[in-house]
Participant: 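Quick one: the structure is below, questions incoming.
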2 protein chains.
Amino acid sequence: MKCDYEKYALIFKALSDETRLKIVSMLSDKELCACKILEAFNITQPTLSYHMKLLVDTNLVNAVKNGSWVNYSINEESKEELLMFLSQLLKAKCTCEKRRD
Amino acid sequence: MKCDYEKYALIFKALSDETRLKIVSMLSDKELCACKILEAFNITQPTLSYHMKLLVDTNLVNAVKNGSWVNYSINEESKEELLMFLSQLLKAKCTCEKRRD
DNA sequence: AAATCATATAGACAACTGTCTATATGTCAT
DNA sequence: ATGACATATAGACAGTTGTCTATATGATTT
């Protein structure tokens, strides 16, 4: 097992805020631009920008610029890695398939 | 899906510190008393006590007093719940068996 | 009951976090 | 080029975090 505690501590820190947890949940359903995410919360645009930067910095979320819009989505590889890490951290009886797409 | 974001944000906060992540990893191997955990880190006893209280408060870690010792262990139910939550949050193709013991 | 040992609590403090307002940057339409 | 729009950055600030030292609590041993 790769025991990169520092890296995963940062990812869990990114998930340790209720707003960011909800954002990740929204992105798991589908790719969204910042303005769509903003509509779902009672925060200002700069605050959302702060949260998105934090999520993107952990690499759990992708940001792709499209004109003046930014489309955010879940990074599938990071997602699988995170699930693997947590399963192994907890020595869970858990099997996670690698996605093919 | 149970969408208890506030609860899980707190659990991820507990896992967002490298020391606590390592403690959880140690406890996944076996139950340990505070003094044994302390040996593995360069922190003072009150600092460890602070971290353990934080972990126990999330219910991810059990604390059982045995005389003046306290034995810490992973709470199996919380562990499974956490893995389920993360899998479902990320819409993972992941199957986690419920343990029978 | 006194001494020792394991753990918890209190208080202090520097560093970090999440939020805001104000402003900047970059893109698109006119 | 100008105006409008989407997003990012800067700076401020109150609240939280992780650490320490000092001390308290509670259990065990002598």
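To find a chain, count down the sequence lines: A is the first, B the second, and so on, and within it residues start at 1. Just so it is clear, the structure is predicted and the values come from calculations on it, not from any experiment.
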Participant: Round to the nearest Å and state the distance from A:Ile43 atom CD1 to C:dT21 atom P.
Facilitator: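 Distance check: A:Ile43 CD1 to C:dT21 P gives 12 Å.
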Participant: Just checking B:Phe41: base, sugar-phosphate only, or nothing, at a heavy-atom cut-off of under 4.0 Å?
Facilitator: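 Touches nothing.
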Participant: Indicate whether OP1 or OP2 belonging to D:dC20 is found under 4.0 Å from a side-chain N or O atom of B:Thr44.
Facilitator: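 Yes, B:Thr44 has a side-chain N/O under 4.0 Å of OP1/OP2 on D:dC20.
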Participant: Closest approach to the side chain of B:Tyr50, judged atom by atom: which nucleotide of D:dA10, D:dT7, D:dT19 is it?
Facilitator: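 Nearest nucleotide to the side chain: D:dT19.
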Participant: Distance check needed: C:dT17 P versus A:Leu15 CG, whole Å only.
Facilitator: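 Computing the A:Leu15:CG to C:dT17:P distance gives 14 Å.
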Participant: Please check: side-chain N/O of A:Ser49 versus main-chain N/O of A:Gln45, any donor-acceptor pairing under 3.5 Å?
Facilitator: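 No, A:Ser49 side chain to A:Gln45 backbone: no donor-acceptor pair under 3.5 Å.
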Participant: Which nucleotide wins on minimum distance to the side chain of A:Leu54, given the candidates C:dT9, C:dC20, C:dG18?
Facilitator: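 The nucleotide sitting nearest to the side chain is C:dG18.
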Participant: Remember a base hit wins even if backbone is also touched, and classify B:Leu38 as base, sugar-phosphate or nothing at under 4.0 Å, heavy atoms.
Facilitator: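 No contact.
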Participant: Roughly, in whole Å, what's the span from CG in A:Leu10 to P in C:dC16?
Facilitator: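 A:Leu10 atom CG is separated from C:dC16 atom P by 12 Å.
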Participant: Which nucleotide in the set C:dC20, D:dT21, D:dG18 lies at the smallest distance from any side-chain heavy atom of B:His51?
Facilitator: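 The answer is D:dG18.
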Participant: Grab the CG-P distance between B:Asp57 and C:dA8 for me, whole Å please.
Facilitator: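 That distance rounds to 11 Å.
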Participant: Figure out the NZ/C1' separation between A:Lys53 and C:dT19, and round it to whole Å.
Facilitator: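 After rounding, the gap between these two atoms is 17 Å.
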Participant: What nucleotide, of D:dC20, C:dT7, C:dT9, holds the atom closest to the side chain of B:Pro46?
Facilitator: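 Of the options given, the side chain of B:Pro46 lies nearest C:dT9.
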Participant: Starting at the 5' end of DNA chain C and moving along, which residue's nearest nucleotide shows up first, B:Lys36 or A:Thr19?
Facilitator: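 The residue whose closest nucleotide sits nearer the 5' end is B:Lys36.
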Participant: Check every atom of C:dT7, D:dA8, D:dT19 against the side chain of B:Val70 and return the nucleotide holding the closest atom.
Facilitator: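 Out of C:dT7, D:dA8, D:dT19, the nucleotide with an atom closest to B:Val70's side chain is C:dT7.
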Participant: Is a side-chain donor or acceptor of B:Arg20 paired with a backbone partner of B:Lys13 at a separation under 3.5 angstrom?
Facilitator: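 A pair under 3.5 Å: yes.
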Participant: Can you tell me how far CD of B:Glu80 sits from CG of A:Leu90, rounded to the nearest 0.5 angstrom?
Facilitator: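 Here the interatomic distance stands at 8.5 Å.
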Participant: Between C1' on C:dC16 and CZ on A:Phe12, what's the gap in Å once rounded to a whole number?
Facilitator: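 To the nearest whole Å, that distance equals 20 Å.
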Participant: If I take atom CE in residue B:Met52 and atom C1' in nucleotide C:dA6, what distance separates them, rounded to the nearest angstrom?
Facilitator: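 Roughly 14 Å, once rounded to whole Å.
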Participant: With hydrogens left out and only the distance checked, is there a donor-acceptor pair under 3.5 Å joining A:Gln45's side chain and the base of D:dA8?
Facilitator: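 Per atom types, the contact qualifies.
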Participant: What is the nucleic acid contact for A:Lys13, judged by heavy atoms within less than 4.0 Å: base, sugar-phosphate only, or nothing?
Facilitator: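 The answer is sugar-phosphate, as A:Lys13 gets under 4.0 Å only of primed atoms, P, OP1 or OP2.
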Participant: With the side chain counted from C-beta on, respond yes when B:Leu38 and B:Ile43 share a heavy-atom pair under 4.5 Å apart, and no when they do not.
Facilitator: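 Touching, per the 4.5 Å side-chain cut-off.
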Participant: If you look at every heavy atom in B:Ser25 and A:Leu89, which pair is closest and at what distance?
Facilitator: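 Nearest pair, atom of B:Ser25 first, then A:Leu89: CB-CD1, 3.6 Å.
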Participant: Nearest-Å distance, CD1 (B:Ile37) to C1' (C:dT7)?
Facilitator: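 Rounded to the whole Å, the gap is 12 Å.
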Participant: Return the residues of residues 58-68 of chain B meeting this criterion: a heavy atom under 4.0 Å from some atom of DNA chain C. Order them by number, or give none.
Facilitator: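 Of all residues in residues 58-68 of chain B, the ones placing a heavy atom under 4.0 Å from DNA chain C are B:Ser68.
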Participant: Would you call the rings of B:Phe85 and B:Phe12 parallel, tilted or perpendicular, taking 30° and 60° as the class edges?
Facilitator: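 Taking B:Phe12 first and then B:Phe85, their aromatic rings sit tilted (interplane angle of 30° to 60°).
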Participant: In terms of side-chain heavy atoms of A:Ser49, which of C:dC20, D:dT9, D:dT19 is nearest?
Facilitator: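 It is D:dT9.
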Participant: Other residues, nucleotides and ligands only: do more than 12 of their heavy atoms fall within 6.0 Å of CG on A:Asp29?
Facilitator: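 For A:Asp29, atom CG is crowded (more than 12 foreign heavy atoms under 6.0 Å).
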Participant: Rounded at 0.5 Å granularity, tell me how far CG in A:Leu55 sits from CG in A:Asn75.
Facilitator: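 One finds 12.0 Å between CG of A:Leu55 and CG of A:Asn75.
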